[in-house]
There are 2 protein chains.
Amino acid sequence: MSWPRFRLEGCPLLEEGLWLLSEEEAHHLMTVRHSREGSFVEGLLPGRIVLTRLERRGEKWAVRFVEELSASDEGPEIVLLAGLLKGDSFDLLLRQVTEIGVSRIVPLCCDHSVVRLDDGKAEKKLARWRKIVQEESKQCRSSTIPLLDRPCSVEQALTLDLPSSRFVAAIDASAPPLASLDVPSSLVLAVGPEGDWSAGEESCLRGASFLPVYLGHRILRAFTAAAVVSSWAVQGWLGGRRVLS
Amino acid sequence: MSWPRFRLEGCPLLEEGLWLLSEEEAHHLMTVRHSREGSFVEGLLPGRIVLTRLERRGEKWAVRFVEELSASDEGPEIVLLAGLLKGDSFDLLLRQVTEIGVSRIVPLCCDHSVVRLDDGKAEKKLARWRKIVQEESKQCRSSTIPLLDRPCSVEQALTLDLPSSRFVAAIDASAPPLASLDVPSSLVLAVGPEGDWSAGEESCLRGASFLPVYLGHRILRAFTAAAVVSSWAVQGWLGGRRVLS
């Protein structure tokens with residue numbers, strides 16, 4: 001049985017090492033996880049996992065620091081540029097790449113994207129997506145939450161400050177296979193929408209030094225392609241298939 | 001725009017290179033894909049992808065062989081032992097590992113599986129799962145469909161004729177990282193259910209020479225773990241990270 005897990009960065013610090021829980025959080029602990037005064041709770045903070053104990057503070061509940069737990073969020077810095085997908089597919093993409101361990105996700109409104117977002121809709125979506133990656137980072141016990149950018153075009157994304165090692169998933173069998181490459185410590189991965197990149201977007205990516213990488217002859221759904229490329233970077237790094245970039 | 005795609009092994013062969021389509025298939029081609037007499041259709045057969053043309057045969061429709069298309073379904077033989085998952089998670093697992101390229105899937109009724117299948121339910125599930133992997137293999141343009149076994153226990157699965165290179169996804173950081181290993185040409189990958197393996201199952205797997213492999217400090221959902229290990233084998237093979245087994 002694992003300890004209940006909370007993100008603590010949003011909790012007010014009452015004193016050094018004592019975080020106040022919201023009523024909702026305390027209620028969840030008591031009723032769903034059957035915690036009581038003195039129960040252990042894992043706290044996630046950026047780059048840290050801490051063990052804490054539940055403590056009553058008048059009418060409220062807080063958690064007090066007990067000890068640091070290992071939080072080896074070591075791995076490459078992965079920026080994922082991901083074409084928006086229809087239905088629940090983009091939610092699933094966010095969940096999986098958060099679990100797998102990307103650092104930042106830039107949702108792309110592509111020329112062939114079926115989904116169109118006006119400003120009001122984009123704000124609402126973004127709030128929902130932020131909640132998804134936050135929940136998911138808790139679920140997978142990651143001390144960091146991926147950054148999530150506002151959706152933008154490929155052209156706009158390329159004006160961001162991106163790592164210089166850049167890869168784009170391709171169906172071109174003459175491109176080098178993904179796993180033939182070593183993993184840089186910092187990289188960008190680009191995965192198109194369901195309808196793939198437009199010629200204009202492809203030319204933008206090529207112009208910005210994105211190297212096409214081949215994922216095999218099967219046509220992967222966009223969210224599976226995102227999982228495959230992210231997993232290559234995280235697992236390859238972990239397995240020592242690294243190169244300094 | 002890609003050509004419509006059909007699995008042809010179930011279509012009656014009227015003569016050498018001429019396959020009869022069912023009414024449902026012909027209807028789909030005409031109304032959804034706007035095909036007409038002479039339109040091109042891609043046919044998938046075990047180990048082959050063929051280009052065909054639509055041809056009227058009286059009241060019915062058939063497709064006639066035009067030429068072989070490349071069908072490089074080359075890759076390692078991957079047998080995936082996968083714990084049953086609740087809700088839609090197992091469907092998603094089947095879809096993703098079919099796309100990624102496993103050869104055979106053995107669903108496991110594990111000690112900690114939330115899902116319980118009696119015989120009647122297992123038959124119905126199996127029929128549904130077979131449809132899913134068939135549809136998915138068409139979607140991802142694979143000429144082969146993964147074999148799908150009847151659900152069984154870990155102990156029963158280990159009596160099957162399995163490749164001798166065997167790996168089990170572990171959360172033990174002292175196990176070798178997945179990507180530090182080269183990919184054998186034939187291998188078994190085991191991924192547990194949501195509640196992980198029981199002590200008895202773990203000991204069975206160890207006894208059957210399954211090597212624990214470490215996927216990183218994040219706790220992956222079972223279907224993501226299945227995608228990560230399968231993708232390692234397929235991509236690693238493609239990238240030349242192979243070893244003869």
Side-chain angles (χ1 to χ4, degrees), chain A residues 1-2 5 49 69-75 88 92 95-101 136-144 171 173 176-183 195-196 213-221 223-242, chain B residues 1-2 5 49 69-75 88 92 95-101 136-144 171 173 176-183 195-196 213-221 223-242:
Chain A
M1 179 80 179
S2 60
R5 214 173 286 143
I49 303 182
L69 298 174
S70 67
S72 66
D73 263 359
E74 200 216 356
D88 292 337
L92 180 59
R95 280 185 216 286
Q96 275 198 313
V97 300
T98 299
E99 279 180 85
I100 288 171
E136 200 64 29
S137 77
K138 193 171 83 178
Q139 155 89 28
C140 72
R141 197 169 181 265
S142 167
S143 61
T144 52
I171 48 171
L178 185 66
S180 68
L181 303 167
D182 289 322
V183 180
D196 214 352
V213 286
Y214 179 56
L215 307 186
H217 66 279
R218 286 185 190 77
I219 300 165
L220 301 180
R221 288 176 200 270
F223 64 81
T224 302
V228 165
V229 294
S230 311
S231 172
W232 157 71
V234 171
Q235 296 298 324
W237 174 268
L238 199 66
R241 314 255 191 220
R242 317 175 185 180
Chain B
M1 180 80 179
S2 60
R5 213 172 288 142
I49 303 180
L69 298 174
S70 66
S72 65
D73 263 0
E74 198 216 358
D88 292 338
L92 181 59
R95 280 185 216 285
Q96 275 200 314
V97 301
T98 301
E99 279 179 85
I100 289 171
E136 200 64 29
S137 76
K138 193 171 83 178
Q139 156 89 26
C140 72
R141 200 172 180 263
S142 168
S143 61
T144 52
I171 48 169
L178 184 66
S180 67
L181 304 166
D182 289 322
V183 181
D196 215 349
V213 285
Y214 179 57
L215 308 185
H217 65 280
R218 286 185 190 76
I219 300 166
L220 300 181
R221 288 175 199 270
F223 64 81
T224 302
V228 165
V229 293
S230 312
S231 171
W232 158 71
V234 172
Q235 295 298 325
W237 174 268
L238 198 67
R241 314 249 190 226
R242 317 175 187 178

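In the text below, chain A, chain B and the rest are named by the order of the sequence lines, each starting its count at 1.
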Original post:
Checking B:Glu136 against chain A: side chain, backbone, both or neither under 4.5 Å from a heavy atom?
Top reply: side chain
Original post:
Could you state the interatomic distance from CG (A:Leu220) to CD (B:Gln139), rounded to the nearest 0.5 Å?
Top reply: 10.0 Å
Subject >> Distance in Å, B:His217 NE2 paired with A:Ser142 OG, rounded so as to fall on 0.5 Å steps >> reply: 5.5 Å
**OP:** Would you name the heavy atoms of B:Asp182 and A:Arg241 that are closest together and state the gap between them?
**Re:** OD1-NH2, 3.2 Å
**OP:** Heavy atoms only, distances under 4.5 angstrom: which of A:Gly236, A:Pro176, A:Gly101 has the most pairs with chain B? Name it, please.
**Re:** A:Gly101
Subject >> Non-hydrogen side-chain atoms of B:Arg5 and A:Ile219 separated by less than 4.5 Å >> reply: yes
**OP:** Can you tell which part of B:Ser180 gets under 4.5 Å to a heavy atom of chain A, answering side chain, backbone, both or neither?
**Re:** both
Original post:
Side chains of A:Gln96 and B:Gln96: is there a donor and an acceptor less than 3.5 Å apart?
Top reply: yes
Original post:
Can you tell me if A:Glu99 uses its side chain to pair, donor with acceptor, with the backbone of B:Arg221 under 3.5 Å?
Top reply: yes
Original post:
Is A:Val228 close to B:Val234 at the side-chain level, that is, under 4.5 Å between some pair of heavy atoms?
Top reply: no
**OP:** Might you point out which heavy atoms bring B:Pro177 and A:Gly239 nearest each other, and give the distance in Å?
**Re:** CB-CA, 3.9 Å
Original post:
What part of A:Ile100 lies closer than 4.5 angstrom to a heavy atom of chain B: side chain, backbone, both or neither?
Top reply: both
**OP:** Working to the nearest 0.5 Å, report the span between OG of A:Ser231 and CG of B:Leu178.
**Re:** 7.5 Å
Subject >> Audit row: B:Gln235, A:Leu215, side-chain contact (heavy atoms from CB on, under 4.5 Å) steps and yes/no >> reply: CA-CA 7 Å; B:Gln235 295 298 325; A:Leu215 307 186; 4.0 Å; yes
